[in-house]
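Numbers restart at 1 for each chain; the letters A, B, ... are given by sequence-line order, proteins then strands.
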Amino acid sequence: MADTVEPRLSRGLRDLLPDQMLARQWMIDTIRGVYELYGFVPLGTPAIEYLDVLRGSAAGAETQQSIFTVQNPEKEQLGLRFDLTVPLARVIAQYRDLPRPFRRYQVSPVWRADKPGPGRFREFTQFDLDSVGVESEIADTEIIAGMCDTLSALRVGGYRVRYSSRGILNTLLAYAGIPAKLGADVFRVLDKLDKVGPQKVRLELTTGYVDSSGDPIAGVGLASEQVDKIERFLQIRSDDRREVVSQLRELFAGVEGADTEVGVVEKISNHLYALGYEDDRVSLDLSIARGLAYYTGPVFEAILLDAPEFGSVFGGGRYDDLVMRFLGEKVPATGASMGVDRLLAALIHLKRAGQQKSTAKVLITNMDAGLHEDYIAMTWELRRAGIPTELYLGSARGPGKQLKYADQWGIPIALLYGSNEKEKEIVTLKDMDAGRQRAEALANRQEWLDERPGQREVPRVDLVAAVRDMLGLIEH
RNA sequence: GCCGGUGUAGCUCAGGGGUAGAGCGCCUGACUGUGGAUCAGGAGGUCAUGGGUUCAAAUCCCAUCGCCGGUACCA
């Protein structure tokens, strides 16, 4: 016996079987609809980029260990993209004649060689939208409004988009007397507030601690009074954005630059009020920091109120310096990124995503080799009428197995046509779902057979109308 | 990285030194023109891998690997 290869996938990778792809495509189509309404344009970039492009300028390469490296025959240093923002920055720098603002969306897989966890994979899909070349806070407003419209279109139930800004956080550093160079560390720790709670955040900001698994966690080394000031800042919590703004002004009175930074989040808030995005959907939440170092202005993220355990499903912010790596010139940019897989998992959890297993609405069964021409004709007749139809091409001869096939793929209507039907110039249409429901009440097979639940005979000439009618009934 | 758990049929798992098990699923038939239920039959396993102990190892011991969970990191 020949050796066979074990069918398997490398860790962190998974297949998307048809039912998962159908749910995902519905979701992506819905989101795309929102952004095309907003006038964003699509962009595609390769999965593979030069490593120095991924890591930033060759000079200041940060160590980025979770990049998958790739080899080409020329032995160049290549890697798989880990997000869609860096390729966007490259495109902006490379195609100087692109009109700006450049407002694009992109839905593509990205790769990270991290340890996989529940709902975390090494290959996953992001849906990104960004406005490049706009300094105005209206661009940030538009991103937040788009996040709201997307979540509404997906019918996720309640959601909350929370935003703050790096400018506010930098003002906090000044207020608390924390050196600016500790900013990135402080923000990274603050970003964990929701997850680990205030006590651990305080420990991590000061001395560090040893976690439950015995792992030491380094502290940032702040003084207790500095953390007190951070906590005073974090105590400003209100569902009313106006209230947060006014308390911020009070707290930061006299701190240099505070008026400007508070002004930015206030303007965003006012635009959103004017557009009908009220406090129940968007809040100014000062605990939002975002872990990434490259944000420079407003930052935002969205959570689902009915599925908070899925965490942030949509997040982003302003990053005015990213394109600088390539151009040496500051290009303002703001955008958001959605974790397609995470949001889809949440939608499935909330039973908001479709349960469809097949695209076909009708299965034409194939019972009599002498009638092939009729089967083919009926199949195309339905297809040309816009009804997704599959002609059974497998080897099973009797209707039993073919109906089982329809059942397994969740095809809602089966069409039966043999010599009986041919003679009477009819077709038999079977509503598979009605039969399934009826089966629950019948214990005896003979009854089940005699009754032929969900079945209807219609004139052959009325095929298309009858199928439409039955689909209408099924989909009410 | 670190800590813990766990690997036995396609899936979920039981068993515990001496013949490899169940449920579900799958296939066949009862029922060659009707899915579900029922009944009867069938296919399917290197008990993760390598080594050790033993007359004998799926079972005990050691190592490795995989998977699961927690934790850290995440531009």
At 4.0 Å (heavy atoms only), tell me whether A/Asp83 reaches a base, stays on the sugar-phosphate, or touches nothing. nothing
Check every strand shown and say whether A/Arg120 touches a base, only sugar-phosphate, or nothing at a heavy-atom separation below 4.0 Å. base
Which nucleotide, if any, forms a Watson-Crick or G-U wobble pair with B/G41, using both distances under 3.5 Å? B/C27
Distance, rounded to the nearest Å, where A/Lys401 contributes NZ and B/C31 contributes P: 15 Å
Contacts of A/Glu204 and A/Arg436 projected onto RNA chain B by closest heavy atom; the upstream (5') one is A/Arg436
P atom, B/U12 versus B/U54: distance in rounded Å? 37 Å
What's the gap between B/A22 and B/C62 when it is taken at their C1' atoms, as a whole Å value? 32 Å
Assign each of A/Pro453 and A/Asp114 to its nearest nucleotide of RNA chain B by heavy atoms, then name whichever residue's nucleotide is nearer the 5' end. A/Pro453
Pair partner, B/U34 [Watson-Crick or wobble, under 3.5 Å]: none
Rounded distance in Å between the C1' positions of B/G21 and B/G15: 7 Å
Select one nucleotide: of B/G35, B/G33, B/U71, the one nearest the side-chain heavy atoms of A/Arg452. B/G33
Looking at A/Lys192, does any N or O in its side chain come under 4.0 Å of the phosphate oxygens OP1/OP2 on B/U71? no
Pair A/Thr428, A/Gln455: side-chain N/O donor-acceptor within cut-off below 3.5 Å: no
Say you pick atom C1' in B/A20 and the same atom in B/C39; how far apart are they, in whole Å? 27 Å
Spacing between A/Asp407 atom CG and B/A37 atom C1', to the nearest angstrom: 13 Å
In the structure shown, which nucleotide is the Watson-Crick or G-U wobble counterpart of B/G66, with both distances under 3.5 Å? B/U6
Look at the side chain of A/Arg11 against the base of B/C67 and say whether a donor-acceptor pair falls under 3.5 Å; ignore hydrogens and angles. no
Quickly work out the A/Leu415 CG to B/U34 P distance and round it to whole Å. 16 Å
Side chains of A/Thr334 and A/Asp140, donor plus acceptor under 3.5 Å: yes
Sidechain N-carboxylate O distance under 4.0 Å for A/Glu137, A/Arg318: no
I want to verify a distance call: between B/C74, B/A72, B/G33, whose nearest atom is closest to the A/Thr428 side chain? B/G33
Mate of B/G21 across any strand shown (Watson-Crick or G-U wobble, both atom pairs under 3.5 Å) is B/C13
Interatomic distance, A/Glu457 CD vs B/U34 P [rounded to whole Å]: 14 Å
Which whole-number value in Å describes the distance from A/Leu190 CG to B/C74 P? 14 Å
Closer than 4.0 angstrom, basic N to acidic O: yes or no for A/Glu381 and A/Arg460? yes
With rounding to whole Å, what would you report as the distance between B/G70 and B/G25 at their P atoms? 31 Å
Quick one: is A/Trp448 getting a side-chain N or O under 4.0 Å of the B/U34 phosphate, OP1 or OP2? no
Side chain of A/Arg188 (C-beta onward), nearest among B/C26, B/C74, B/U34: B/C74
So, does A/Lys115 get its side chain near the phosphate of B/G70, meaning an N or O under 4.0 Å from OP1 or OP2? no
A/Leu429 CG to B/U34 C1', straight-line distance once rounded to whole Å: 14 Å
is_close_aromatic(A/Phe40, A/Tyr35), centroid dist under 6.0 Å: yes
Give one of base, sugar-phosphate or nothing for A/Thr365, where a contact means two heavy atoms less than 4.0 Å apart. nothing
Pairwise P distance for B/G23 and B/U6, with rounding to whole Å: 26 Å
Centre of A/Phe68's six-membered ring, under 6.0 Å away, within 45 degrees of the axis: is that where NZ or CZ of A/Arg122 sits? no
Figure out the CD/C1' separation between A/Gln446 and B/G33, and round it to whole Å. 13 Å
What's A/Pro116 touching, base or sugar-phosphate or nothing? Going by heavy atoms closer than 4.0 Å. nothing
Check if the side chain of A/Asn420 and the base of B/G33 share a donor-acceptor pair of N or O atoms closer than 3.5 Å. yes
Inter-nucleotide C1' distance (B/C67, B/C11), Å rounded: 15 Å
Regarding B/U34, can its base be found pairing with the side chain of A/Gln455 as donor and acceptor, where the two atoms are less than 3.5 Å apart? yes
Euclidean distance, atom CZ of residue A/Arg397 to atom P of B/U32 [Å, nearest integer]: 12 Å
Quick one: the side chain of A/Lys430 and the base of B/U34, do they pair up donor-acceptor inside 3.5 Å? yes
Establish, with yes or no, whether the OP1 or OP2 oxygen of B/C31 is under 4.0 angstrom from a side-chain nitrogen or oxygen of A/Arg445. no
For B/A48 and B/G10, measure between their P atoms and round to the nearest Å. 13 Å
Quick test of your reading of the model: are A/Lys404 and A/Asp407 salt-bridged, counting only N-O distances below 4.0 Å? no
Quick one: are A/Val201 and A/Glu204 in side-chain contact, heavy atoms under 4.5 Å? no
With both distances under 3.5 angstrom, what nucleotide forms a Watson-Crick or G-U wobble pair with B/C73? none
Just call it for A/Gly400: base, sugar-phosphate, or nothing, with non-hydrogen atoms closer than 4.0 Å on any strand. sugar-phosphate
Between the base of B/G33 and the side chain of A/Glu421, is there a donor and acceptor pair under 3.5 angstrom? yes
